[in-house]
Amino acid sequence: MKLNCGKHTLDLSRPQVMGILNTTPDSFSDGGSYYADGGLDLDLVLHRAEQICREGGTIVDIGGESTRPGAAVVTEQQELDRVVPAVEAIHQRFDVVISVDTSTPSVMRESAAAGAGIINDVRALTRDGALEAAAATGLPVCVMHMQGEPGSMQANPDYRDVVREVRAYLDERLAACVAAGIAREKVIYDPGFGFGKNDQHNLELLRRLPELAPPDQPLLVGLSRKSMIGRLLDRAVDERLAGSLALAMLSAQRGAHIIRVHDVAATADVLKLLQLAS
Ligand code: 9MG
């Protein structure tokens with residue numbers, strides 16, 4: 001399976017590593033890492049992008065909004081200011097697919113014009129104008145499942161059958177994307193681990209990962225350093241590498257094509273060995 005991302009084509013016959021670059025002051029794991037003197041420092045952003053590429057990442061995922069419960073609400077202008085210059089700077093210097101983690105139509109449009117290759121939307125293109133904006137870029141889109149809203153989604157997540165409900169939602173978003181003019185093969189499914197799910201829901205989704213997408217649809221999984229790992233193993237956020245790697249390997253074995261992670265080098269090693277031994 002191939003994913004055409006503008007001037008790049010990703011080979012999804014082996015799992016691809018998507019490295020996380022949060023240009024937010026308050027993300028749960030790396031918030032504020034790229035700020036100096038109160039502002040976003042593009043040299044620090046470029047340093048992280050270079051690290052992702054050197055360590056084996058083929059996609060850099062840039063986000064300007066933290067979706068962790070309790071995070072500050074970001075304005076459209078703040079998001080544009082955090083994301084678009086970073087996309088532009090990375091696009092000029094590195095031969096890598098740039099994914100923009102956004103739900104905001106103007107950020108999608110301006111990022112695509114600046115060189116982005118994937119739109120990653122945790123709200124699955126449900127904001128007003130998002131489907132149309134994404135379709136106009138011609139880029140692949142990642143549609144993620146979330147129950148509720150970031151501020152309250154973990155209060156009391158509730159499902160009769162989490163796998164069936166998540167799959168039905170993603171199928172419905174695929175149909176909406178196709179109706180808006182997005183090519184079917186450019187729609188990436190993502191169950192949204194930790195987004196309105198308790199630990200049992202997350203584990204059930206992981207166990208039944210192959211049921212979550214049609215066989216010919218790209219599947220993205222994000223579990224890196226997430227709080228589920230912290231609760232299940234009693235580990236602080238900086239002690240979750242082993243747990244993150246175990247889940248990355250499990251996800252790849254169960255059909256994930258793109259693995260979104262903080263720890264690129266270690267994940268790339270694990271996935272390489274998995275490929276060699278498979
Ligand atoms: C932005 N973001 C945080 N977690 C994520 C996940 O699991 N998937 C995707 N697509 N994006 C995520």
Side-chain angles (χ1 to χ4, degrees), residues 3 5 10 15-24 26-31 52 57 59-71 74 79 82-83 86 97-104 107-108 111 116-127 130 134 139-151 153-154 157 162 166 169-170 173-174 177 186-197 199 201-203 205-206 209 212-213 217-230 237 240 243-244 247-248 250-252 256-263 267:
L3 187 66
C5 309
L10 290 171
Q16 303 291 317
V17 179
M18 171 186 267
I20 299 169
L21 198 169
N22 281 318
T23 61
T24 52
D26 58 350
S27 277
F28 82 102
S29 179
D30 56 350
I52 291 172
I59 309 166
V60 176
D61 188 45
I62 305 176
E65 177 200 7
S66 172
T67 45
R68 95 185 142 72
V74 66
E79 205 189 335
R82 289 175 189 174
V83 172
V97 176
I98 302 168
S99 157
V100 278
D101 155 21
T102 186
S103 305
T104 309
V107 177
M108 295 174 191
S111 297
I118 296 178
I119 293 166
N120 171 26
D121 186 359
V122 298
R123 296 181 181 81
L125 304 176
T126 54
R127 275 200 180 150
L139 297 176
V141 295
C142 177
V143 290
M144 198 198 77
H145 176 273
M146 167 163 48
Q147 188 179 80
E149 278 294 312
M153 64 190 176
Q154 288 307 103
V162 66
V166 168
Y169 177 80
L170 295 175
R173 296 316 296 156
L174 172 64
C177 287
K186 288 193 169 179
V187 180
I188 306 165
Y189 276 40
D190 182 344
F193 286 101
F195 284 81
K197 284 113 187 160
D199 295 345
H201 297 139
N202 289 320
L203 290 171
L205 288 167
L206 201 48
L209 201 61
L212 282 164
Q217 216 64 43
L219 178 64
L220 186 152
V221 161
L223 285 151
S224 178
R225 299 187 191 170
K226 284 197 175 169
S227 48
M228 170 182 74
I229 300 172
V237 72
R240 297 179 190 167
S244 300
L247 298 185
L250 266 175
S251 305
H257 301 99
I258 302 175
I259 317 277
R260 184 180 182 274
V261 299
H262 301 87
D263 302 290
T267 309

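The basis for the numbers below is simple: all heavy atoms, side chains too, and nothing from hydrogens, waters or symmetry mates. One-based numbering, in listed order, for ligands and for the atoms of each. Starting from 1, each residue takes its place in the sequence as its number. Predicted, not measured: the structure shown is a model, and the values here were computed from it.
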For this session: Using a 4.5 Å cut-off on heavy atoms from C-beta on, say whether the side chain of Asp101 contacts that of Met18.
Result: no
Seminar exercise, completed: Closest non-hydrogen contact found for Ala116 with Leu139 is O-CD1, 3.3 Å
For this session: For Ser244 and Arg225, indicate whether the former's side chain and the latter's backbone hold a donor-acceptor pair under 3.5 Å.
Result: yes
Exercise. Among all residues two or more places apart in sequence or in another chain, which pass the salt bridge (Lys or Arg N to Asp or Glu O under 4.0 Å) test with Arg123?
Worked result: Glu65
Problem set entry | side-chain contact (heavy atoms from CB on, under 4.5 Å) evaluation trace for Ile188 with Leu3 | CA-CA 9 Å; Ile188 306 165; Leu3 187 66; 3.7 Å; yes
Exercise. For Arg127 and Thr104, does a side-chain donor sit closer than 3.5 Å to a side-chain acceptor?
Worked result: yes
Problem set entry | ligand 1: protein residues within heavy-atom distance under 4.0 Å | Asp101, Asn120, Val122, Cys142, Met144, Asp190, Phe195, Leu220, Gly222, Lys226, Arg260
